[in-house]
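The structure follows.
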Amino acid sequence: MPNLPLAKAINAGLRTAMERDPKVLLMGEDIGRLGGVFRVTEGLQKDFGEARVLDTPLAEAGIVGTAIGLALRGYRPVCEIQFNGFVYPAFNQIVTQLAKLRARSQGRLELPVVLRIPFGGGIGSVEHHSESPEALFAHVSGLRVVTPATSADAYWMIQQAIASPDPVVFFEPERRYWDKGQVETDATLADVAPLHRARVVRRGEHVTVAAYGPTVRLALEAAEAAAEDGTQLEVVDLRTISPLDVGTVAESVRRTGRLVVVHEAPTFGGVGGELAARITERCFYSLEAPVLRVGGFHLPYPAARVEEHYLPGVDRVLDAVDRSLAA
Amino acid sequence: MPNLPLAKAINAGLRTAMERDPKVLLMGEDIGRLGGVFRVTEGLQKDFGEARVLDTPLAEAGIVGTAIGLALRGYRPVCEIQFNGFVYPAFNQIVTQLAKLRARSQGRLELPVVLRIPFGGGIGSVEHHSESPEALFAHVSGLRVVTPATSADAYWMIQQAIASPDPVVFFEPERRYWDKGQVETDATLADVAPLHRARVVRRGEHVTVAAYGPTVRLALEAAEAAAEDGTQLEVVDLRTISPLDVGTVAESVRRTGRLVVVHEAPTFGGVGGELAARITERCFYSLEAPVLRVGGFHLPYPAARVEEHYLPGVDRVLDAVDRSLAA
Amino acid sequence: MPGGDPEGMVQLLTPAGERVEHPDYDVALEPEELLGLYRDLVLVRRVDTEANALQRQGELGLWAGLLGQEAAQVGSGRALRPQDHAFPTYREHGVAWCRGVDPLGILEIFRGTSHGGWDPVAHRLHPYTLVIAAQLLPAVGCAMGVQRDGAVGTGDPGRDTAVIGYLGDGATSQGEASEALQWAAVFNAPVVIFCQNNQWAISEPVSVQARVPLHRRADGVGVPGVLVDGNDVLACLAVTRAALDRARSGGGPTFVEAYTYRMGAHTTSDDPTRYRSAAEVDVWRAKDPIDRFRRYLESEGLLDEDFTTALEAEAEQLAEHLRAGVRELPEPAPLAMFDHAYAEPHEQVEEEREEFAAYLASFDAAPSGGDPHQQPATVAGRTR
Amino acid sequence: MPGGDPEGMVQLLTPAGERVEHPDYDVALEPEELLGLYRDLVLVRRVDTEANALQRQGELGLWAGLLGQEAAQVGSGRALRPQDHAFPTYREHGVAWCRGVDPLGILEIFRGTSHGGWDPVAHRLHPYTLVIAAQLLPAVGCAMGVQRDGAVGTGDPGRDTAVIGYLGDGATSQGEASEALQWAAVFNAPVVIFCQNNQWAISEPVSVQARVPLHRRADGVGVPGVLVDGNDVLACLAVTRAALDRARSGGGPTFVEAYTYRMGAHTTSDDPTRYRSAAEVDVWRAKDPIDRFRRYLESEGLLDEDFTTALEAEAEQLAEHLRAGVRELPEPAPLAMFDHAYAEPHEQVEEEREEFAAYLASFDAAPSGGDPHQQPATVAGRTR
Ligand SMILES: Cc1ncc(C[n+]2csc(CCOP(=O)(O)OP(=O)(O)O)c2C)c(N)n1
Ligand SMILES: Cc1ncc(C[n+]2csc(CCOP(=O)(O)OP(=O)(O)O)c2C)c(N)n1
Ligand SMILES: [Mg+2]
Ligand SMILES: [Mg+2]
């Protein structure tokens, strides 16, 4: 059971998928010779050739648009968008074509396309490199949206995403790329947790904290800190954003009576609002306090030297926990 | 006080703005000679010339991108996106440039650009003509998002949007274009209701119904029907989506204890979730029932002959009201 | 200037129906092939006529006509082999016809009972795409898939495959159209980008889109650009066939500009008298693609009365098929819309399906206290 | 092939520093103008050297170097008049220099204290744009504004205005780049689209973007496309000046491809040895833009020791200004980020500002029970 950084776990997952199915292709900018700016595709062009690992022209609409055509011809393209803020040139292809072609053709067309998007902040980078646009994709029917928080999930979820007959937007938490974790590579795709289930990653009785991608570790750190003060946080790693596994969170909230949702994306219009609305609807009589949200502010992602203030940190999570407990 | 269809009220508002300020320009596809596919710009090219009312190449990125440049040079461009589903080619310019340039330049650049987008369904049209993508814009900081529900608001709000130093996405409810209403054209911009305030359009004590754009009339129709059964709905026309006037809704909910939000956009990830989360946070102890939402389903907009089932209708609103009252 | 013949346009038939030679392009067709083309032209025009009538009668919400563009569509459509793939806009009813699609499948879209009533896999005709130019990158990607399948340059005419992607003159302005051309060039993809320059994009003349002839765009990325008389079915067939052959053999992409004219309205919602002159339309009427081809066939003595009578009867039958069929197109069941957004269940969709099913059932159950309230009236058919 | 001189490239100075004639382009400069250009070249290279060093020392998170592209940037930048507007990418430090921007303002971006430290209105230098090609449509729009202001073709050199928009070879693949060219053509906008083909887009050679020379793209939309030696400051000045003059006089847009080379890494996060050979870099080192210009000035007897010593001192002073200044760049105050998203108050932003201010204040108030928990460490500077 190797101990892999999250980026390497995705690399291994891509490799396994490519070995299993010759129709799996990788497409993107600098993913071939260079192995991607985060080295997630390192070594794959060397081993699988240029026909299966394509360095593309610098055009995101082109990447997604041609991936659609390749999928129609039976391929399973996995597209890398170099950074979160550069996905918008492809937005038309994603929203009007990729997401809708199945419905438009009454299920006659299948679009097994994966879009890998590094997202989130905390790496001290420049504009457009640290954003969290997942809510924009979650609102678009026809897409599935998931994000792993650990190396093990990264390894398996990328394979599940590739195996999905539906288009999947796969958000990779940038600042966790170098976090290591054990990966059980001997299991099979059927054995591991389903792609669209949330997971309780820490048990606790006082407040449920729901997080995904980069904020899962943050929630766990907050839980450690809270435990020192005697507050037991239950941490749920959502894993899947569309569909949203409301049931797993509701089950937890029915026990704790309190929920704090944490994501890096701006709170306003973010995924947390949707979860809050659904949990409140389902658990209205169990809730001891309103669902609270901790997220980015309704601001363009700021310059790197101020991002620690923009991003939810342990303290802001704990502050919300305190407010929830005080309600 | 003329009685104008909503489309004509916008036309009159554009005309007034153009007369007042020579820097106001209109740009879009078919807006000149043809007067736009909904005739909203009818007669304006004839009266203001081709330099101020531009028929553009068929490229939405081009429309918004050049509008940005014109704004930087001191103009106030008002762009028409022909239909809601055709805005995505411009999404990159909107999200990465239009919305962010002010923050990126620390307030040194001003982007008084208006994007007019006809939205919503109910007109029996083909794909991409009836969608409600407002949540995608509301989540993007730097933009303001508003929508009028009546001719009077249409006339004044378009002028306020043009006067705004910030970019404004102005959603026009397609199926209300032909609805007539009194327009008090003698007032001044300073007299009328501020752009970013919601408005209680019907008083009622039992349940608050919040709606915007095309669903305001729907909510009023539901209120009529409910009144026959003795249920008094309070109807709030949100008018502004970003910012969201939470205070006006909260004030109402504190009295009624119940809230139903109605929009045509898919419920999942829609504006209703955000409003539900905020109202629950503010009014937790006043709420007698969870906030309920009535909206489109998480599906691509369906074919015209089934849209009446996709869209929230009076009955679905009343059903939600009943469920709220039963909680 | 709309109307004048542009320089360098490939033509094999003059507007008067005279057969002319071209140094680079030719077609040698058997009489039955020529008559087959004529049949196609007449029948697709009949589909158009009938659909317009059905729209006026309220059976369709909208119709996007092809009047005047029959030759460009039939010429290019008949150049395709069964294994080829076509990616149309919303106006390629003639191409759909050549792909064996029942026109009723198209009427579904404009009646509003579905977003497309044919099997895109079986017919190798992609669903109509309303977002202009958005079908082109998928077309190029499909061609890249063909390449990867080794279905190019084998010399086996049943195997070598090409892709054709259609667009209008207005659509050339979309950045995606440029990207498609460029990707085709960079990957040497077996694809033909076929532009029907019908001179208008709704109310905008082609001069709003470009200052130079559209086919020159291809030069910019090193793709051959060919200008063909789009009202000349033989020239369209010859040029497209050559381009497809080139693609199938591994020679790479071609951009074709078919110079033609939209004789009717943009759609039935449009009123072209607001933006163009009757005189302009008259100029183009004189170049009608069917008239000229009929004159040619007549001059060759190929059109006899038996054939024209039979064709007339076939057209009448087809019209009747549409008239009867359109009224019988099944109304979509309310719950069916939940079926195809995803291949595998999606929690929120399933939940909404169940809730909506229960909601609908609540009316059937007719609970005491009343009927469902009426839906507000919709204003149908006011837009395109 | 990177390294070989392409056909038809405008050159006024050979790599050996020999002055050559060109039938269409020339510049006649006074000695002090020539020395001024040399000074610019030396100083902007010094900015680059210093910024790289500061990045290695951890003062900057990242740096995108211009080594090798000084002539293209100074040549084009010095062709601008005060009233002109420039729309850069993220690499036009030499252009920024010509627009009078203190390089410290650029370092703010790469240190992470702001998204840009100059006043774009005062300098008529748009903020750096990281989304490739996204600055071009705004540049064209600005030029359309210039037209509407009547600031074109008046003959008044202080009034007639042009716009220049920069992009890289890789960025030419974006659909928006094509749209920008086309809008410029259709509206005859007073704009120069200036492409620095530095042969690489991170790890991708220009052959991944296009099969034909980039400047040919202009032909496709009827815009003149000029290929210029991007390592020849005189040729870049001459070609850009002519293009800007044409724009200012109402003659319309020009596309310029400056053929050059990125001698360093894409950014300090990049390792070019992974994708290109030392031999290739050597070929280009022999064409260094500063070496060749120095040889020319020497051969003309224009460079004396006084000048070079003074310039060396000036460069040293500039470097010291950067070294000292970068450390003194003010750290952004946490609450300042709330100031500029909107010109007028936005309810949610104001609410968040207040809540966050109260939250921050709660630490100052040092409530009983403790310090704020520590932030998790960030992994800075690992990406571009
Ligand atoms: C991206 C996009 N923008 C706008 C529209 C609205 N629209 C539909 S058809 C049309 C004109 C298209 O003209 P052209 O490409 O010449 O094709 P034609 O209709 O003439 O066949 C427009 C603007 C659209 N469908 N897609
Ligand atoms: C839309 C977009 N996609 C991807 C990127 C990531 N990226 C940054 S620079 C770069 C290469 C650009 O190459 P080129 O245009 O040649 O400019 P150069 O860096 O060589 O000056 C890429 C892919 C980006 N900034 N924007
Ligand atoms: Mg057209
Ligand atoms: Mg480059």
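Here the structure is a predicted model, which means the values were calculated and not measured. Every chain is numbered from 1 and lettered A, B, ... according to where its sequence line falls, protein lines coming before strand lines.
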Exercise for review: Check whether C:Tyr128 gets within reach of chain A through its side chain, its backbone, both or neither, counting any heavy atom under 4.5 Å.
Suggested key: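 Backbone of C:Tyr128 only, per the 4.5 Å heavy-atom cut-off to chain A.
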Review point. If you count the non-hydrogen atoms of other residues, nucleotides and ligands that lie under 6.0 Å from CZ in C:Arg81, is the total more than 12?
Key: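 Correct, the count exceeds 12.
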**Study point:** From CD (C:Glu351) to CZ (A:Arg278), nearest 0.5 Å
**Key:**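 CZ of A:Arg278 is found 5.5 Å from CD of C:Glu351.
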Practice item. Just give me the residue among C:His115, C:Gln135, C:Glu176 that pairs up with chain A most often, heavy atom to heavy atom, under 4.5 Å. Key: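 If we count pairs closer than 4.5 Å to chain A, C:Glu176 comes out on top.
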Point to revise | Among the listed options A:Leu244, A:Thr56, A:Thr240, the residue most often paired with chain C at heavy-atom distances under 4.5 Å | key: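 The answer is A:Leu244.
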**Study point:** Under 4.5 Å from any heavy atom of chain A - which part of C:Asp119
**Key:**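 For C:Asp119, the contact with chain A is made by backbone and side chain together.
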**Study point:** C:Gly116 backbone acceptor or donor facing A:Gln106 side chain under 3.5 Å
**Key:**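 Yes, the answer is positive, given that a donor and an acceptor are paired below the 3.5 Å cut-off.
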**Study point:** Residues C:Asp149, A:Lys23: salt bridge by 4.0 Å N-O rule
**Key:**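 So C:Asp149 pairs with A:Lys23 through a salt bridge.
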Review point. Looking at A:Leu111, A:Leu54, A:Leu98, A:Ile68, which has the largest count of heavy-atom pairs under 4.5 Å with chain C?
Key: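 Ranked by heavy-atom pairs under 4.5 Å with chain C, first place is A:Leu54.
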Review point. Yes or no on side-chain contact (heavy atoms from CB on, under 4.5 Å) for C:Trp118 and A:Ser105, after CA distance, side-chain angles and deciding distance?
Key: CA-CA 8 Å; C:Trp118 61 92; A:Ser105 66; over 6 Å; no
Review point. Distance only, no hydrogens: is a donor on one side chain within 3.5 Å (strictly under) of an acceptor on the other, for C:His340 and A:Arg104?
Key: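 On atom types as modelled, these side chains do not qualify, holding no pair under 3.5 Å.
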Check your understanding: Using non-hydrogen atoms only, which part of C:Ala151 is less than 4.5 Å away from chain A: side chain, backbone, both, or neither?
Key ->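 For C:Ala151, the contact with chain A is made by the side chain alone.
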**Study point:** Worked check of side-chain contact (heavy atoms from CB on, under 4.5 Å) between A:Arg73 and C:Val163
**Key:** CA-CA 11 Å; A:Arg73 185 77 198 179; C:Val163 179; over 6 Å; no
Review point. Does the side chain of A:Ser242 come within less than 4.5 Å of C:Gln348's, by heavy atoms?
Key: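 A side-chain contact under 4.5 Å is absent here.
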Practice item. Can you tell which part of C:Glu347 gets under 4.5 Å to a heavy atom of chain A, answering side chain, backbone, both or neither? Key: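 Backbone plus side chain of C:Glu347, per the 4.5 Å heavy-atom cut-off to chain A.
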